[in-house]
Each structure stands twice: as structure tokens, then as C-alpha cells.
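Okay, structure first, notes after.
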Amino acid sequence: MDILLDGILSNEQDSRGLQRVDLNRRYGGLCKEEALWNWPVISVFSRHDIELILRKGSRYPLRPPQEVISHYRHSRRDRYTNLGLVNEQGETWQKLRSALTPELTGASTVLGFFPALNIVCDGFIELIRKRRTMFGVVGFEELAYKMGLESTCTLILGRHLGFLKPDSSDTLTTRLAEAVRIHFTASRDAFYGLPLWKVLPTSAYKQLIESEDAIYNIISELMEATIIEKRNDARDESVEAVYQSILRQKSLDIRDKKAAIVDFIAAGIHTLGNTLVFLFHMIGSNPKVQQTLYEEAMLLAPPGCDLTVDDLRKARYLRACITEAFRLVPTAPCIARILDEPIELDGYHLDTGTVVLLHTWVAGLDENNFKNASKCEPERWLNPTVPHSPLLVAPFGSGRRICPGKRFVELALQLILAKIVREFEIIVNDKLDLQFEFILAPKSPVSLGFRDRVEVV
């Protein structure tokens, strides 16, 4: 599969986020732009410079906050005592990180959660079967968002919510997924241009407030229902670990705990869902890759059996496929940082406080950094060939501010992909169009085919 960047850039809605490719072509590995009030923003495309910044350690790594989110949360002290893990800095960020993420990042949590995730995957497979016309699914991204919501809620809240049931008439998942989508696009639109929303409610700011309120209220309903359910049911500590660890934190205000759970669930819906779309499209577009993947998956366990973490440890080609998808179409195309000390890049002096955007996606598609960079070649992660720059593949960020859900998402993607390719041959007929919603997202509707595997007796 070739990644046709010119084709991607031709989409009108993509120009804001994806014009960075053109900047790289025009100006090379380092490009200076000016934001409001002549504030410099440095786009970094050079592998050497990206790696230099990523390798710099810091006790409190700084990243540019989403100013519009910060503005809104400052105005809602009834709900928020801080700006959240994404936007906070320094000691406040460290306090939140230390209090909220140990269970989420721990290996034992994911191991305990794995049987429940197998059940969620089986529900996803049945949903695909029910939604097919012949073998095609139009609007597959909606199913992927349901999977993102159900799996994330199962991890964070410790309960199955039934969003994958084909006969479910509950529109909660649709409302929540749509609210998250609007939140991303409103954040994007408010980011560009003058921040007029500080003095009057612009259209983007109104949308952001409405989506924030919808996300908060819907997830609050889920939390309250979870509390009531857990009073009456026997507790499964292995599945409830994340939820209970947050609630037990004595150092945090109840508003902090609730906001953290809201943020964790909201973050998981579209990031996991979009990644599934990108991954399945890549696999379906490359028949030889899919056949090799299928053969490996069939060796992990007999068809119809659940998979364990030990099974997945043997799946080297499976992991290589996921890493290759992260390189070709990452949900997060760049890493933003604020320099906490001066640095020299490509002969230029950058002062402390400079905002740098590390364009890992663009660099990952550069022939100077990966051989046959535009091609889908999972084998490059098994037997690296020069050039090969693995540090550029960083969809979860890097360093101390790395996404706390990294371990969960990676294992979830492995399990979902292994089970899907054992059940279906993925068919792709259409090009995948992308749009920038503050993260990379597929342009709706996405059509994918899922043809049942024929068992050989």
C-alpha cells in the first residue's frame, strides 16, 4: 500500500493539520512559524533533531496545553480543580500522574483484565456479522467507536455495558462517540485564529462547551450506575482495579477523580476506534501481509478459543503489523513539547520556552529514515534494514508524558486483530481518506468487507 500524501492533502478539511508535509518539502528539516503575538513555533522534521529532543530527560516534561480546554475548565470549578493530565504542568501534573495511573499502567491490571477483553472482542465479532450486507460494512468507523467505548469502559469501570449488542436500542454509545468527535473538531477549530472565544462565545467554543457537558454527563451516568451495580454484585478485583484505585485515592478531591475517569474513557473511544480503522484498512489492502498474519494467528490457539497474553507473546508478526500501522497512519501524527532548557538544532539556537512540534509521522514516511517508506512492510520490524529509525514511531508520545493507556491499547489491538483475522478475511475496495480532528481520523463513511473464513477439514 502506498501512502499518497498528495491525495491526502487534496482534501479541503485536511489542509490545516496536514499542510506540515508541504512545509517539510519547502523548507527542510526545521521550520519556524509564528503563532499569536509573534510567539515562535518550531516544526521539526529531521530524524536527528526529533530524536535529540525525545532523548532529553526532564523531571516535569512540558507540553503545550490546549488553551481553550484550560479556559473552559477554569470557568467550571464546580467540576474541575485542575486542568487534567493532558494540560497540567510541573508538580500538579506529577501529582495527578502518580495518583491516577499506577493501576492503569501496571502489567497485573492488564493481565487481570484480559479474560474480560476476550468477551468484548467476541461481541465485536458478532456485531460485525450482524451489521454486514453480504460481507460489506458501510460506516465501519461507528462499529470501531463502539468497540473503543466498550473496551475502555470495561477497563476503567470494570463492567460490561452492552454497547456491542447488535439488538441494543440504547443510543448512549452514539451520543457519546458523537460528543467526543465534536469535542475534537471544536478544539481544532478554536485552536486556529484569534482566541475570540475568550471575550465572546464563538461557534467553536459553544460546540466545545456542549460536547464537554455531554461527555461529562453521560460518563457520570455510567459511573453512578457502576457504583449502584457494585453494591449489589460480587466484586471482581482484577477487572475493577483501575476504577477502585482512583476512588481510593485520599489525596484527590472527588472532582479530580470524576474528571480523570471522564478523561480516560473519552480519550479511549476515538483513539482506539480510529486506530482499528487504520489497522484493518492496512491489513485488507495488503493480501500477502494478511495471509502471513492469518497463518500466525491460527497457530496461537485453536479456532474459537480465547487467547491469552502468553499466546500473544508468540505473535511476532502480529506485533510487527501493528507497529507498521502506527508508522504509516498514526492517530497522533506529532509530539508537542515546550523546551525547558536551550538547545541547538541544525545550527539554530532555540531558547527555553520555545514550542516545538516533532512531526514523527512525516519523518516516518521519509525514505531517509525507512527503506521503502511508503510501503506496508511489517517485516522491517522483524529484520530491520538500513535506514531504520524506530524512535520515530511514537503514537503514544514519549518519555514521562507517554500515554498511560499504552500497555492496554497495544494488547487490546493485538487481541482484536488476532481474533478478527481468524474469523474473517478483511476486504478493502476503497481508498482511505483522512481528516484532521486534532488527531488523525478516517473520513466517514469507511467501507470494509469481512468475509467468513472457510475452515479446511
Side-chain angles (χ1 to χ4, degrees), residues 66 69-70 72-73 75-88 96 99-101 103-104 109 113 116-117 120 142 144-165 168 170-187 207-231 239-249 252-274 403-405 408-409 412 437-439:
Q66 293 174 278
I69 303 295
S70 301
Y72 171 73
R73 293 198 172 187
S75 73
R76 291 301 305 267
R77 288 303 185 185
D78 57 319
R79 289 184 175 179
Y80 305 102
T81 71
N82 58 70
L83 306 181
L85 270 176
V86 172
N87 291 316
E88 277 294 354
L96 289 172
L100 296 171
T101 64
E103 289 290 348
L104 184 59
T109 301
F113 169 72
L117 186 57
V120 174
E142 297 303 326
Y145 297 148
K146 287 176 180 285
M147 180 61 189
L149 178 58
E150 181 71 15
S151 57
T152 304
C153 284
T154 304
L155 173 69
I156 302 299
L157 299 178
R159 60 190 290 248
H160 297 290
L161 293 168
F163 294 128
L164 297 174
K165 292 180 180 178
S168 174
D170 189 355
T171 61
L172 190 64
T173 179
T174 304
R175 288 166 48 211
L176 185 53
E178 179 65 8
V180 172
R181 186 193 67 79
I182 292 173
H183 188 271
F184 278 123
T185 55
S187 298
Q207 288 183 331
L208 183 128
I209 290 176
E210 290 173 1
S211 62
E212 276 264 347
D213 289 345
I215 293 167
Y216 190 93
N217 292 334
I218 292 170
I219 295 178
S220 293
E221 289 179 31
L222 297 177
M223 290 174 60
E224 294 301 323
T226 298
I227 293 172
I228 294 172
E229 181 180 280
K230 296 308 178 185
R231 287 175 186 157
V239 178
E240 296 177 35
V242 176
Y243 185 62
Q244 294 296 338
S245 71
I246 293 175
L247 293 184
R248 284 194 299 263
Q249 274 295 332
L252 297 179
D253 187 286
I254 185 60
R255 289 171 291 176
D256 298 331
K257 299 174 185 180
K258 195 169 186 178
I261 293 171
V262 169
D263 286 346
F264 285 153
I265 293 176
I269 300 171
H270 271 236
T271 48
L272 181 56
N274 290 345
C403 172
F408 157 68
V409 172
E437 295 179 351
F438 226 73
I439 57 174

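The basis for the numbers below is simple: all heavy atoms, side chains too, and nothing from hydrogens, waters or symmetry mates. Numbers here are sequence positions counted from 1.
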Pair N274-Y145, side-chain donor/acceptor within less than 3.5 Å: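 Side-chain D/A pair, N274 to Y145: present.
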Can you name the nearest heavy-atom pair linking [X] to [Y], along with the distance?
X: V242; Y: E103; answer: CA-CB, 4.1 Å
X: T154; Y: A116; answer: CG2-CB, 4.0 Å
X: R73; Y: D263; answer: NH2-OD1, 2.8 Å

Flag the pair R175 and E178 as a salt bridge only when some basic side-chain nitrogen lies within less than 4.0 angstrom of an acidic carboxylate oxygen.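 Here R175 does not pair with E178 in a salt bridge, since their nearest N and O are not under 4.0 Å apart.
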Considering only heavy atoms from C-beta outward, does the side chain of [X] approach that of [Y] to under 4.5 Å?
X: T101; Y: L85; value: yes
X: E88; Y: L96; value: yes
X: T271; Y: V409; value: no
X: L252; Y: L100; value: yes
X: T152; Y: F264; value: no
X: I265; Y: I215; value: no

Can I261 and L157 be said to form a side chain to side chain contact (heavy atoms under 4.5 Å, CB included), step by step? CA-CA 8 Å; I261 293 171; L157 299 178; 4.0 Å; yes
Atom CD1 of I246 and atom CG of D256: how far apart are they, to the nearest 0.5 Å?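 Those atoms lie 11.0 Å apart.
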Would you say the side-chain atoms of R255 pair up with the backbone N or O of R77, donor to acceptor, closer than 3.5 Å?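 Pair found, side chain donor or acceptor close to backbone of R77.
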For the pair K258 (side chain) and S220 (backbone), establish whether a donor and an acceptor sit closer than 3.5 Å, ignoring hydrogens and angles.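 Side chain of K258 to backbone of S220: no pair is present.
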side-chain contact (heavy atoms from CB on, under 4.5 Å) involving D213 - partner list, sequence neighbours excluded: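 Y72, R76, R79, I209, N217.
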Under the side-chain hydrogen bond (donor to acceptor under 3.5 Å, both in side chains) test, residues paired with H183 that sit two or more places apart: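 H183 satisfies side-chain hydrogen bond (donor to acceptor under 3.5 Å, both in side chains) with E212 once adjacent residues are dropped.
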